[in-house]
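We count ligands from 1, going down the list as the structure has it; atoms in each ligand are counted the same way.
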Amino acid sequence: MKFSNKKLCILSLMIVLVLIFTACSDSESKVTSKEKEAEDSIIISGIEDSDIQIKLDEIKDLEAITRDVISIDSNGDKKEYTVTGALFDEVLKKYGKSQKDITVIRLIAGDGYSIEVPNEVLKNRELILAYEINGEPLDEKTQPLRAVVPDERAMYWVRNLLQIEVIKNVEKTEISKVVFLETAVENIEQHDYTYYESVDKAVKVNELISTFEEISDDKTVYLKASDGLEKNETSEIFTSGYIKVTGKETPLFLLPDLPKGMHVKEMLLFTYGKTAFFSFENGLKVFELCGEKQGISLKDIINETGLTQGEKYLFEALDGYTVEIDEADIEKGIVYKRTMGGYAVYFEGLGKNTTVKQLLSFEVIK
Ligand SMILES: Nc1nc2c(c(=O)[nH]1)N[C@H]1C(S)=C(S)[C@@H](COP(=O)(O)O)O[C@H]1N2
Ligand SMILES: [Mo]
């Protein structure tokens, strides 16, 4: 074959154009992904006076570790992954801190998801800031990092991790009052709440809490579900939510504008300030029932909620009826479900006037 000069010229021009074009588009896409990576960073707050911004590149410069890990979801199902990342402890080392000396942290994601990691977990587990899972870079909704806590529930495995807040002071107040949730919600406005296919009733958390406690942002809320799940929530997040009180999985803590992973199903109890809110219905599932009325012993409720000891306790009904009981008689108390509806407490061997129907609460008074 023989090319004329003209043909050769056109051909080489075309080749040059194609080369320029591909080189251009190639370098352009490289620049954008590089730029994006360069922009990616997380914030660590609470260890220095001001927030620390750490670039993803700096995290990748730390010693890379690869681990075969297992996550446990809310059904107890296990999933295996191989993750690569840097240890949070290595990040802390740069600032003269270590993970085992930290009280608690809150992992905060870009989609609004956040979760507190308690002290026991920080002490006993690695917290991996993962940038590669199963040999692949993270997908878009997981970038820039995924928190990975091997062998712990997947609720700690925060995708799209943007901030780690180190919390020094965990407020711990003594519990002095137990409120029975199912009775308490009878006096509070119940709103229609669409949950999947059903329209159920829900109360606003701040309406419920403010009936018994002053609401403030510095309070830590502790929640426990009947399957044993325990977690802390901030007062701000908790009081912005609802508690669904009819239909499935009640009492169900819901946050309409935040990811579903922050919901808590079948709560056994939660505490706010000095008050523990206890679900009688879930107590029935969790505790061994006793007495001829097959109820829950007050002792179990006191142990579970951590109610402080006193010389006397005051029991109160929804209609305002009150009864005072000596500490020595408390162990005779049984809370049961009435066939007529509602819940009551009675004390074995004490007078009938010590029975409190429509039991709302009891508290330490001396
Ligand atoms: N950013 C973000 N991370 C998150 C969540 C979320 O909603 N947003 N859900 C958490 C919860 S509750 C669980 S169970 C796991 C689910 O992880 P999987 O999708 O890998 O099973 O991710 C956790 N990380
Ligand atoms: Mo979850």
- [ ] Compute the centroid of each ring, for Phe270 and then for Phe238, and state whether the two points are separated by less than 6.0 Å.
- [x]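 So the answer is yes for these two rings.
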TODO: For this output row, return yes or no: ring centroids of Tyr242 and Tyr195 closer than 6.0 angstrom.
DONE: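 Distance test on ring centres: not under 6.0 Å, no.
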Closest protein heavy atom to [atom], given as residue, atom name and distance to 0.1 Å:
| atom | answer |
| --- | --- |
| atom 24 (N) of ligand 1 | Trp157 O, 2.9 Å |
| atom 16 (C) of ligand 1 | Arg146 NH2, 4.0 Å |
| atom 21 (O) of ligand 1 | Lys79 NZ, 2.9 Å |

Among [options], which residue places a heavy atom closest to [atom]?
| atom | options | result |
| --- | --- | --- |
| atom 23 (C) of ligand 1 | Ala147, Ala154, Ser114 | Ala154 |
| atom 4 (C) of ligand 1 | Tyr113, Tyr156, Tyr81 | Tyr113 |
| atom 20 (O) of ligand 1 | Lys141, Arg153, Lys260, Arg159 | Arg159 |

Ligand-residue contact atoms, ligand 1 with [X], heavy atoms, under 4.0 Å:
| X | answer |
| --- | --- |
| Pro259 | 7 (O) |
| Gly261 | 12 (S) |
| Val158 | 3 (N), 24 (N) |
| Ala109 | 1 (N) |

Task: Check: Asp111 N/O within less than 3.5 Å of ligand 1 N/O - done: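 By distance alone, the answer is yes.
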- [ ] Give a yes or no on whether the backbone of Met267 and the side-chain of Asn282 come within a donor-acceptor separation of less than 3.5 Å.
- [x]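 Checked: pair present.
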Task: Closest non-hydrogen atom pair, Arg106 against Ile167 - done: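 Answer, listing the atom of Arg106 first, then Ile167: CB-CD1, 4.0 Å.
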Task: Nearest heavy atoms of Val179 and Ala184, plus distance in Å - done: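 Looking at all heavy atoms of both residues, the closest pair is CG1-CB, 3.7 Å.
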- [ ] Could you point out which residue of Phe277, Tyr272, Phe180 forms a ring-ring contact (aromatic ring centres under 6.0 Å, His included) with Phe212?
- [x] Phe277
Task: Hydrophobic cluster membership, Val345 vs Leu314, 4.5 Å side-chain cutoff - done: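 As far as the 4.5 Å side-chain criterion goes, Leu314 and Val345 are not connected within one cluster.
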Open item on the list: When you compare the side chains of Tyr343 and Glu281, does any donor N or O come within less than 3.5 Å of an acceptor on the partner?
Closed with: yes
